[in-house]
Amino acid sequence: MSLALYGRAAPPMANGEVVFEAPWQSRVFGMARALCEEGLFEWDDFRQYLIAEIEHYDLSHPEGAGYQYFDHFLNALASLLAQRELCAASELADRTLKLAQRPHGHDH
Amino acid sequence: MTDADAPQLRAEALEALLIEKGLLTSDLVDKVITRYSERVGPMNGAKLVARAWREPEFRKALLEDATSVVTEYGFEGGEVQKLVVVENTPEVHNAVVCTLCSCYPWAVLGLPPRWYKDPAYRSRIVSEPREVLREMGVSLREEMEVRVWDSSAEVRYMVLPMPPEGSENLSLEELQSLVTRDSMIGVETL
């Protein structure tokens with residue numbers, strides 16, 4: 001066994017790239033899983049929304065340009081919550097707009 | 001893009017609303033994130049692979065009914081209805097994809113890397129697996145068969161890679177440390 005082979009043996013947990021590229025992505029993932037674990041929906045129900053989102057993207061972007069998985073993940077979660085009347089789309093849009101209008105320096 | 005279209009603001013707004021509605025707490029979301037970033041990951045799959053290399057009986061059980069084996073281990077990571085482990089051999093190379101979204105065996109591999117979810121991988125690994133594998137650094141002999149497995153909500157796949165040459169005398173722990181996430185997706189050979 002060569003040292004070189006052994007040397008690349010990083011702990012398996014660490015040998016991938018980061019799963020989340022921004023904190024909001026981990027929050028969205030955490031929200032979806034937490035809501036599922038709280039029994040508000042089945043993961044497979046969420047998955048159907050995610051598939052629909054991604055299919056819509058795939059069909060309109062045959063080259064795959066600009067694909068952002070977690071944007072679709074967020075859209076899927078928002079659609080599911082709207083459909084289940086847990087959080088209306090208009091409510092989310094209003095709150096987002098309100099956050100966008102915060103004075104700079106107060107956005108976190 | 002205006003600020004109001006920015007996903008981080010939508011995410012922040014959504015979390016605030018869900019908390020106000022009493023559906024979530026920040027603490028609950030924090031706990032989920034911590035679990036998936038610290039305790040769920042490919043180190044679990046690596047344990048299975050190393051043991052399968054070492055113990056023929058375990059390897060047989062893993063290939064026959066991985067779901068039961070994983071259940072016994074009690075790994076965290078959400079629901080895996082059915083886990084199937086497919087074995088690489090000198091004749092057959094296996095690779096895993098989810099063509100529709102991002103189905104992945106969290107309990108044994110953690111959360112999927114970015115490329116696994118990208119349209120290019122999802123489509124090309126099916127249409128031109130050898131080319132994609134070559135680009136990812138796996139060169140296969142012409143006569144080798146390539147099998148691509150499409151994970152879904154019902155069945156999720158993991159690859160049992162072949163052990164690296166010269167690893168016969170290593171301890172179980174040393175073997176585990178040689179197993180990479182990508183080798184268990186089937187886009188790397190060890």
Side-chain angles (χ1 to χ4, degrees), chain A residues 1-2 5-6 8-13 15-17 19-31 33-38 40 43-44 47 50-51 53-55 57-58 61 63-64 67-71 73-74 77-78 81 86-87 91-101 107, chain B residues 2-18 21 23-25 28-33 36-38 41-46 78-79 100-103 110-115 117-120 122-123 153 164-167 169-170 174 176-182 190:
Chain A
M1 156 132 269
S2 74
L5 179 58
Y6 203 65
R8 71 177 174 159
M13 186 69 184
N15 71 27
E17 58 263 50
V19 170
F20 301 112
E21 288 160 354
W24 71 266
Q25 297 179 349
S26 64
R27 298 309 294 174
V28 170
F29 174 80
M31 279 188 258
R33 283 303 302 168
L35 290 166
C36 176
E37 288 170 16
E38 291 293 291
L40 285 156
W43 193 253
D44 198 38
R47 182 175 170 269
L50 184 59
I51 289 174
E53 265 289 325
I54 291 174
E55 184 180 28
Y57 171 89
D58 282 349
H61 299 77
E63 297 300 319
Y67 182 78
Q68 296 292 339
Y69 173 79
F70 278 103
D71 289 7
F73 191 100
L74 173 56
L77 180 60
L81 293 174
L86 293 167
C87 183
E91 204 177 358
L92 177 58
D94 290 349
R95 179 63 64 94
T96 308
L97 191 61
K98 210 168 141 193
L99 294 181
Q101 289 165 345
D107 55 352
Chain B
T2 65
D3 279 358
D5 297 323
Q8 62 268 33
L9 287 183
R10 277 189 89 207
E12 188 185 345
L14 184 61
E15 185 170 352
L17 287 168
L18 295 173
K21 291 169 188 294
L23 297 172
L24 275 185
T25 62
L28 199 57
V29 178
D30 289 344
K31 281 192 176 129
V32 169
I33 296 169
Y36 278 93
S37 54
E38 291 176 10
M43 65 282 192
N44 291 336
E79 56 271 54
L100 291 181
C101 52
S102 49
C103 293
L111 298 177
R114 181 188 173 125
W115 55 260
K117 300 172 283 188
D118 271 0
R122 288 189 283 112
S123 60
E165 274 178 44
S167 60
N169 299 319
L170 296 179
E174 286 168 325
Q176 276 173 29
S177 74
L178 292 177
V179 183
T180 63
R181 179 200 62 200
D182 287 1
L190 300 173

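As the structure is a prediction and not an experimental result, all values here were calculated from the model. Chain naming here is simple, since letters A, B, ... match the order of the sequence lines and numbering starts at 1 in each.
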Which atom names give the shortest non-hydrogen contact between [X] and [Y], and what distance separates them?
X: A:R47; Y: B:C101; result: NE-SG, 3.7 Å
X: B:A13; Y: A:L99; result: N-CD1, 3.5 Å
X: A:D71; Y: B:P7; result: OD1-CG, 3.5 Å
X: B:L14; Y: A:L81; result: CD1-CD1, 3.9 Å
X: B:L18; Y: A:C87; result: CD2-CB, 4.4 Å
X: A:A34; Y: B:L24; result: CB-CD2, 3.5 Å

Applying a strict 4.5 Å limit to non-hydrogen atoms, the region of B:A120 in contact with chain A is neither
State, with a plain yes or no, whether a side-chain heavy atom of [X] is found less than 4.5 Å away from one of [Y].
X: A:Y67; Y: B:R122; answer: yes
X: A:I54; Y: B:K117; answer: no
X: A:Q68; Y: B:R114; answer: yes

Looking only at A:F73, A:F70, A:Y69, A:Y57, the option with the highest number of non-hydrogen pairs under 4.5 Å against chain B is A:Y69
Assert top hit (heavy-atom pairs under 4.5 Å, partner chain B, pool A:D94, A:L40, A:V28, A:L86) equals A:L86
Are B:D30 and A:R27 ion-paired here, with the side-chain N under 4.0 Å from a carboxylate O?
-> yes
* To do: Indicate yes or no: does A:E91 engage B:K21 in a salt bridge with an N to O separation below 4.0 Å.
  => yes
Enter the distance from [X]:[atom1] to [Y]:[atom2] here, rounded to the nearest 0.5 Å.
X: B:S102; Y: A:I51; atom1: OG; atom2: CD1; value: 8.5 Å
X: B:R10; Y: A:L97; atom1: CZ; atom2: CG; value: 12.5 Å
X: B:L9; Y: A:W24; atom1: CG; atom2: CH2; value: 11.0 Å

The interface call for A:E55 against chain B, heavy-atom contacts under 4.5 Å, is neither
